[in-house]
Each structure stands twice: as structure tokens, then as C-alpha cells.
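Heads up: the structure comes next, in C-alpha cells.
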Amino acid sequence: MMRVLHIVASPRDRSRSEALAAIAIAALDRPEVTRLELWREALPELDGDTVEGRYRLIHGEPVAVDVEQRWAELRAVADQALAHDLWLISTPMWNFGLPYRLKHWIDCITHPGMTFINDAAGNVTGLAAGRSALLIGAGALDFANAEQQQALDFQMRYLDAWLRFIGITDIHTVRAAPTFGPAETVDAAMETAADELRRIAGEINRRDDGRD
């Protein structure tokens, strides 16, 4: 059975990215889904004492009890993610990028010894290797051309770069746009994205069956 972590990045009840995620999950074969609603999750804070404590811990130096506890909480967030086979991230585009709660979650788990390791020469090994990711992005703006998308898309391109950094290279990306405008235009964009998600889910199912 595939263990799926659904990372919900939209705070809206009528989220289009979440509606598409529901279609993807329904098309997967017997997934065991953990739903992580970032706007309701009490994520650990990364304040100055916590960040400073990281360097002390790396060097084996003592830290205050509350700082040590904070890093245990951060590791628990990373361990939860690593316990799943497929990371399904459904997110809107905010100001060409990500909602800040999604960035907060990424910052919580992206640390040496949690989701990657690096050596003195700068070589990085991702500890999330072997997992897959399905990125579902919704955006009110439909980029006019590839050049504009390259210049303005800090949503899906950022997520792709970050996932590869921590070792996930099997990445599927679906973007629905525009999600604002005439109803027929929005409906067409949603249906195109839904069809692509069903196709990708079929690929994932066939691959997962081959592993059984």
C-alpha cells in the first residue's frame, strides 16, 4: 500500500488546488493518506535562538533545554515526511511563489542530517531519495509564453529545485491556470489538469503494482 502525505498549502475551503488533489487521490490505487493541513498545523518556530542552537548542536556544544526540544520537534516534522512514499503538495500561487505556511514547512524539514547531508567539499546527498512527488499548483495568472513563465514562476520551479536538492527526482507537476476569469476558461483549465492527474495516477499505480 502506498503511503501518501498530502500537504495542503491553501487556507481556502473552496481551494482549486485541493479539489484537484482530491481527484488525484481518488485515482490512486489503495493509498494510505496522511493529510497535513499547514494552516492548522502547529509547526515549530525557527527563531534566532533555534537557528543559533543548530550550529551549537552540530559542533556538539550544549544548548538550552527548550532549544534542544525545538530541534526534536523539527526532526519529528521531517521524520513524518520521510515516512511516506509519495509527497502530494497542493498549493496556490501567491505573488508568483508559495504561501508562507508551505515555505515554513519546507524550512522546518530542510536541515543537515534531516533531509540531506553535506560534506566539507560541498557535496550534497539527499536523504529523501527513493520517494516520489506530485506537485499540484493553481494560479490565477496564465503565463502568456514560456519566457514569462520562466521569469515569474517561483511556485513550481522552486518546489522542483528543492525536492531535487533533498534527493527526490521522480517528480510529477500539474498546473491549473488560469483559475480566475470567465467560467468556461477556468473550467477548461481545471478539466485539463484533472485529466493529466488521472493519467499520472495511472502511471504511479502501474509502477507501484510492479513493486508488489
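L5 is connected to W162 through a chain of hydrophobic side-chain contacts under 4.5 Å among Ile, Leu, Val, Met, Phe, Trp and Tyr, so both are in one cluster. Both V124 and I168 are part of a single hydrophobic cluster, where members link through side-chain heavy atoms under 4.5 Å apart. Residues I7 and V77 fall within the same hydrophobic cluster, defined by Ile, Leu, Val, Met, Phe, Trp and Tyr side chains chained together at heavy-atom separations under 4.5 Å. The cluster map of Ile, Leu, Val, Met, Phe, Trp and Tyr, joined by side-chain heavy atoms under 4.5 Å apart, puts L134 and I171 in different clusters. Side-chain heavy atoms closer than 4.5 Å link hydrophobic residues (I, L, V, M, F, W, Y) into clusters, and following such links, possibly through other members, connects I25 to L86.
Between W39 and Y100, the distance from one ring center to the other falls under 6.0 angstrom.
Closest non-hydrogen pair, A21 versus S90, comes out as CB-CB, 3.9 Å. Shortest non-hydrogen contact noted between A189 and P178 is CB-O, 3.8 Å. Closest of all the heavy-atom pairs between P44 and E73 is CG-CB, 3.8 Å. Here the closest heavy-atom approach between residue H111 and residue R54 is recorded as ND1-NH1, 3.5 Å. Residues R131 and D170 share a closest heavy-atom pair of O-CB, 4.2 Å. Across every non-hydrogen atom of L28 and P31, the tightest pair is O-CD, 3.5 Å.
Residue F165 holds its CZ atom at 10.0 Å from OG1 of T125, rounded to the nearest 0.5 Å. To the nearest 0.5 Å, atoms CZ (R164) and OG1 (T169) are separated by 6.5 Å. Atom CE in M156 sits 5.0 Å away from atom OG1 in T173 (nearest 0.5 Å).
At a threshold of 4.5 Å between non-hydrogen side-chain atoms, the residues V67 and R56 do not count as touching. Contact of the L163 side chain with the W87 side chain is registered, since non-hydrogen atoms from C-beta on lie closer than 4.5 Å. A heavy-atom distance below 4.5 Å is found between the side chains of I106 and L98.
Judged purely by atom type and a 3.5 angstrom limit, T115 uses its side chain to pair as donor or acceptor with the backbone of I109. For N205 (side chain) and A201 (main-chain N/O), a donor-acceptor pair under 3.5 Å exists by modelled atom type. Without hydrogens or angle criteria, R35 side chain to H6 main chain gives no donor-acceptor distance under 3.5 Å. Counting only distance, with no hydrogens or angles, the side chain of R101 and the backbone of E41 share a donor-acceptor pair below 3.5 Å.
Under 4.0 Å is where a charged nitrogen must lie from a carboxylate oxygen, and between K103 and D107 at least one such pair does. The existence of a salt bridge linking D47 and R70 is confirmed by a sub-4.0 Å separation between a basic side-chain nitrogen and an acidic carboxylate oxygen.
For N95, the CG atom sits in a loose shell: 12 or fewer heavy atoms of surrounding residues, nucleotides or ligands are nearer than 6.0 Å. Within a 6.0 Å radius of CD in E37, other residues, nucleotides and ligands contribute more than 12 heavy atoms.
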**OP:** Evaluate side-chain contact (heavy atoms from CB on, under 4.5 Å) for R12 paired with E18, printing each intermediate quantity in order.
**Re:** CA-CA 9 Å; R12 300 182 66 217; E18 189 174 353; over 6 Å; no
**OP:** Start with the C-alpha gap between L20 and M190, add the side-chain angles, then the distance that decides, and say whether side-chain contact (heavy atoms from CB on, under 4.5 Å) holds.
**Re:** CA-CA 8 Å; L20 290 170; M190 290 291 288; 3.8 Å; yes
Original post:
Between T50 and L74, does a side-chain contact (heavy atoms from CB on, under 4.5 Å) hold up when you go through it step by step?
Top reply: CA-CA 10 Å; T50 303; L74 287 161; 4.0 Å; yes
**OP:** Show your working on side-chain contact (heavy atoms from CB on, under 4.5 Å) between I166 and M114 and close with a plain yes or no.
**Re:** CA-CA 9 Å; I166 63 173; M114 291 188 187; over 6 Å; no
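Among residue pairs with one or both ends in residues 186-200, those qualifying as side chain to side chain donor-acceptor pair (under 3.5 Å) are D195-R198, E196-R199, R199-E203; sequence neighbours excluded.
For F180, there are no ring-ring contact (aromatic ring centres under 6.0 Å, His included) partners, not counting sequence neighbours. For R75, there are no salt bridge (charged side-chain N to carboxylate O under 4.0 Å, His left out) partners, not counting sequence neighbours.
Each of T91, L102, V8, I89 was checked for a side-chain contact (heavy atoms from CB on, under 4.5 Å) with L38, and the lone residue meeting it is L102. Results of the side chain to side chain donor-acceptor pair (under 3.5 Å) test with S132 over H172, H84, R207 single out R207 as the only residue that passes. For the side-chain contact (heavy atoms from CB on, under 4.5 Å) criterion with L88, the lone passing option out of I136, L197, L135, L36 is I136.
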